[in-house]
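Here is the structure we will look at, set down as structure tokens.
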Amino acid sequence: MKRLGFTYIHCNDLQKMKDFYSEVLGLDCIWEDDESLAYQIGDHQLSIRVHKDMPTPEKEFAIQEGWTGGTSFRPSWSIECDQDSFKSIARRANEKAVESYYPEHKWVGYWSLPLLDPMNNTIEITCPDSDLN
């Protein structure tokens, strides 16, 4: 058996990343110290480490399957949500003026809301329920 266990990303402002992943996405932080954060998403762990001298990448959306758009050849990922979580994330992203590829979520065979985190990583929030209300 194989499974994807950890994803490691890096940033230059740990507090901004915490605000995005905890407050906007509503993920539960399972680890925090002065240099890193970790979030458990299903059986996968996302770990974020700070490097204060790291430059912020350009504000570009990654190319992803499932929706037409994005221009950057860089890693990106999606988080599938139930209806309530999806609507809550969309509302919080709008309230906090998070950069989004679409002005509002869009049906592309599933509900899609591609967002940029503070380091301009593309995270697509998805919901498979066609009757999102």
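As a basis for the values below, the full set of heavy atoms in this structure was taken, side chains included, without hydrogen atoms, waters or symmetry mates. Residue indices begin at 1 and follow the sequence shown.
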**Report entry** side-chain contact (heavy atoms from CB on, under 4.5 Å) between Trp107 and Ser130, worked out
**Finding:** CA-CA 8 Å; Trp107 180 256; Ser130 61; 3.5 Å; yes
Taking C-beta and beyond as the side chain, do Cys81 and Ile125 meet within less than 4.5 Å on heavy atoms? yes
Salt bridge (Lys or Arg N to Asp or Glu O under 4.0 Å) pairs touching residues 70-79, sequence neighbours excluded, are Glu60-Arg74
Value for OG (Ser47) from CG (Leu37), rounded to nearest 0.5 Å, stands at 9.0 Å
- Item | Test item: Ile48 and His10 side chains (from C-beta on) under 4.5 Å apart, heavy atoms | no
I want to check something: taking the side chain as every heavy atom from C-beta on, are Tyr39 and Ser22 in contact at a cut-off of under 4.5 Å? yes
With the side chain counted from C-beta on, respond yes when Ile123 and Phe20 share a heavy-atom pair under 4.5 Å apart, and no when they do not. yes
Glu104 meets the salt bridge (Lys or Arg N to Asp or Glu O under 4.0 Å) criterion, sequence neighbours left out, with none
Linking I/L/V/M/F/W/Y whenever their side-chain heavy atoms sit closer than 4.5 Å, directly or via other members, would Tyr102 and Phe61 fall into one cluster? yes
- Judged by atom type as modelled, is there a donor-acceptor pair below 3.5 Å linking the side chain of Thr122 to the main-chain atoms of Ala62? yes
Judged by atom type as modelled, is there a donor-acceptor pair below 3.5 Å linking the side chain of Asn12 to the main-chain atoms of Met54? yes
Any heavy-atom pair between the side chains of Asp43 and Arg3 that's under 4.5 Å? yes
With sequence neighbours left out, the residues meeting ring-ring contact (aromatic ring centres under 6.0 Å, His included) with Phe6 are Tyr8
message = I'd like to know if the side chain of Trp111 reaches the main chain of Asp129, judged simply by a donor and an acceptor atom lying under 3.5 Å from each other, with no hydrogens or angles considered.
response = yes
dist Glu35:CD -> Cys11:SG (nearest 0.5 Å) comes out at 11.0 Å
### Query
For the side chain of Asp13 and the backbone of Gln15, is there at least one donor-acceptor N/O pair under 3.5 Å apart?
yes
**Item:** No-hydrogen, no-angle side-chain donor-acceptor test under 3.5 Å, Trp31 and Ser36
**Value:** yes
Taken to the nearest 0.5 Å, the spacing of Gln40 CD from Cys29 SG works out to 11.5 Å
Inset, instruction - Could you walk me through whether Lys96 and Glu23 pass the salt bridge (Lys or Arg N to Asp or Glu O under 4.0 Å) test, one step at a time? - result: CA-CA 10 Å; Lys96 295 186 179 278; Glu23 302 302 321; 5.5 Å; no
Rounded to the nearest 0.5 angstrom, the CG-CG distance for Asn121 and Leu46 is 9.0 Å
Could you state whether Leu113 and Leu132 fall into the same hydrophobic cluster, counting links through intermediate Ile, Leu, Val, Met, Phe, Trp or Tyr residues with side-chain heavy atoms under 4.5 angstrom apart? yes
Distance col, row Glu80:CD vs Ile41:CD1, nearest 0.5 angstrom, shows 13.0 Å
Take atom CD of Glu95 as the centre, draw a 6.0 Å sphere, and report whether it contains more than 12 heavy atoms from other residues, nucleotides or ligands. yes
Item checked: Contact check, side chains of Asp117 and Ile9, non-hydrogen atoms, under 4.5 Å -> yes
For this session: Kindly work out whether a path of hydrophobic side-chain contacts (I/L/V/M/F/W/Y, heavy atoms less than 4.5 Å apart) joins Val108 to Leu116.
Result: yes
> How about Met17 and Asp19: do any of their side-chain heavy atoms sit closer than 4.5 Å?
Replying inline: no
_Verify same cluster id: Ile79, Ile63 (apolar side-chain graph, 4.5 Å)_ = no
On the 0 to 90° scale, with breaks at 30° and 60°, tag the His105-Phe86 ring pair as parallel, tilted or perpendicular. perpendicular
Quiz prompt | pair Asn120-Thr56: side-chain heavy atoms closer than 4.5 Å | solution = yes
Self-check item: Asp33 CG: over 12 foreign heavy atoms closer than 6.0 Å
Solution: yes
Rounded to the nearest 0.5 Å, the OG atom of Ser72 sits from the CD atom of Gln64 at a distance of 11.0 Å
